[in-house]
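Notes to accompany the following structure.
We name chains A, B, ... by the order of the sequence lines, and we start the count at 1 in each one.
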Number of protein chains: 2
Amino acid sequence: MIGLVQDVGVRSDTPATRIRRALKEQMDTGLLGPGDKLPPERELSALFGTTRITVKEALQSLEAQGALYCEDRRGWFVAPRRLDYNPMYRSHFHALVAQQQREASTRLIAARQEVAPASTCQRLGLPALSRIVVIRRVRSLDGRAVMYAEHHLRPERFPDILMQDLTQSLTGLYERVYGIRYGRSRFEIVSGAASGEVAQALALREGSPILQVTRVNHDEAGVAIDCDHEYWRHDAVRIVVESQ
Amino acid sequence: MIGLVQDVGVRSDTPATRIRRALKEQMDTGLLGPGDKLPPERELSALFGTTRITVKEALQSLEAQGALYCEDRRGWFVAPRRLDYNPMYRSHFHALVAQQQREASTRLIAARQEVAPASTCQRLGLPALSRIVVIRRVRSLDGRAVMYAEHHLRPERFPDILMQDLTQSLTGLYERVYGIRYGRSRFEIVSGAASGEVAQALALREGSPILQVTRVNHDEAGVAIDCDHEYWRHDAVRIVVESQ
DNA sequence: CAGTGGTCTAGACCACCAG
DNA sequence: TGGTGGTCTAGACCACTGC
């Protein structure tokens, strides 16, 4: 253990740590900017003289920090900055995004009546096996799919809503067409994992971490009339809440 | 591809999927309950006829979903249920936990004056290189460390606070000893990754996903007087916010 | 000190995306 | 169809935990 020619300047200098540090440095100095694509994993492993598994481990740890993201079978990219999102303002997604000088788009996946899942029956105070309107959409920020949303509505409060243009703001639609004004609402925010349709819609691996926002909206009389399930890419959003 | 003796009942029946499914089933049926320890990775890999890397991948994906958690070099455990936490109520952690029929404890890590990091100067509207009081604590739920908190205070508003018992509720202390009553506050919630002291305090691997809650508190005159940085185990908490 | 997870090597084949 | 990440095998040694 004497006089070996080694890097001893940095403690715990494992291969994965070296890769993380090198990539971070490139991002800090701006040599790699938001949206840039990284070289393929095989190339990185040759570059750093290690195996793909080790490279992947370093990349995944940067992904967990929100510094990088991965598109399934397409490659690794530097993450854009987060969107500030205040779930208390039922602000229109497009307006919110425009305020932050970015570009929004919405894709409708499905809109139909379905039998409500048990959790929605509970939240909306519906009897078992009730039918609800379900609207599924994917929202993109600067061309990148960042959020999958599922809206569950009491059908009797929203007649013929399936005939409407459902790529616009639903909040606006509720107010304009159905004269619905909200009273209190309740949110729950948990960190979860992408699976099935959510993972597919957001181009995420099964099991990638996501931020799950569930909201139950009540009318002015206190009746729960709809609930939303939003699944955000964990690196795409910063939730902001102000009290008073 | 004809007549091979295979499981064909389930699509995408990869080794990792089989392991996930088997473990989930054991948890659903209660054969594995909250807090239970899983067999060692090596044993699981023998059991499922696969390698440790594959087993680990399955375990990590259940960890991302919040179903399992891992204590560094100690083993894998079934995750307890989440704590409901409403950051709008500046409710005392111990009271909150007791309300949910669970047990809380607090460990003081450090309390001293330090030079404020730039982000805290910005948030509290302090000049560069100001000194602040920093209090670092770890909070446990039923004996498991679930949250690391760092409190940053304007020192002139909290004279001699370092002489106080800092394992109790700080909110209570502020009010009782310093007569401080809050006006508005602002939260930010982002999903991040554990590193350094946070990872160590929560017995997490470097890079494990966490939920980061930052709060800036103002007095009744609108002056920012302190800010908190909370780092929650991502599987330990459900954030609940009610509006109106 | 034994047990456990943390990390790593050096390959292999598969599944999906884009040209 | 070629390139990419997704997944997997079959080992190895290290570092920390707790007896």
Practice task
Take atom CZ of A/Phe48 and atom C1' of C/dT9, then tell me their distance rounded to the nearest Å.
Solution key: 18 Å

Handout entry: Of the listed nucleotides D/dT7, C/dT7, C/dG5, the one nearest the side chain of B/Glu57
Key = D/dT7

Exercise for the section: Report the distance from atom CG of B/Leu204 to atom C1' of D/dC16, rounded to the nearest whole Å. Expected result: 16 Å

Exercise for the section: May I ask you to check whether A/His152 and A/His229 place their ring centres under 6.0 Å from each other? Expected result: yes

Problem - N or O in side chain of B/Thr54 less than 4.0 angstrom from D/dT9 OP1/OP2 - result: yes

Problem - Base C/dG6 to side chain B/Arg52, donor-acceptor N/O within 3.5 Å cut-off - result: yes

Fill in the blank from the handout: Here the pair of heavy atoms bringing A/Arg82 nearest to A/Asp235 is CG-O, 3.4 Å

Exercise for the section: May I ask you to evaluate whether B/Arg74 reaches the phosphate of D/dC16, defined as a side-chain N or O under 4.0 Å from OP1 or OP2? Expected result: no

Practice task
Round to a whole Å and report the spacing from CG of B/Leu59 to P of D/dC8.
Solution key: 13 Å

Practice task
Using only heavy-atom distances, determine whether the side chains of A/Thr167 and A/Arg107 contain a donor-acceptor pair under 3.5 Å.
Solution key: no

Handout entry: Position toward the 5' end of DNA chain C (nearest nucleotide), A/Gly49 or B/Pro39
Key = B/Pro39

Problem - 5'-most by nearest nucleotide on DNA chain C - B/Trp76 or A/Pro15 - result: B/Trp76

Exercise for the section: May I have the distance from B/Ile53 (atom CD1) to C/dT9 (atom P), rounded to whole angstrom? Expected result: 11 Å

Handout entry: B/Arg20 CZ - D/dG6 P separation (whole Å)
Key = 13 Å

Handout entry: Whole-Å gap separating P (D/dG18) and CG (B/Asp72)
Key = 10 Å

Exercise for the section: Let me know the distance between NZ of B/Lys56 and P of C/dT7, rounded to the nearest Å. Expected result: 7 Å

Practice task
Ignoring backbone atoms, establish whether B/Thr14 has a side-chain N or O less than 4.0 Å from OP1 or OP2 of D/dG6.
Solution key: no

Problem - Spacing between A/Arg18 atom CZ and C/dC8 atom C1', to the nearest angstrom - result: 12 Å

Exercise for the section: Give a yes-or-no answer on whether the side chains of A/Arg139 and A/Thr106 include a donor-acceptor pair shorter than 3.5 Å. Expected result: yes

Practice task
Respond yes when some side-chain nitrogen or oxygen of A/Thr51 is under 4.0 Å from OP1 or OP2 of C/dG11, and no when none is.
Solution key: no

Exercise for the section: Test for a donor-acceptor pair under 3.5 Å between the base of C/dG5 and the side chain of B/Arg42, counting only N and O atoms. Expected result: yes

Practice task
For the pair A/Trp232 and A/Tyr85, name the ring-plane relationship: parallel under 30°, tilted 30 to 60°, perpendicular over 60°.
Solution key: tilted

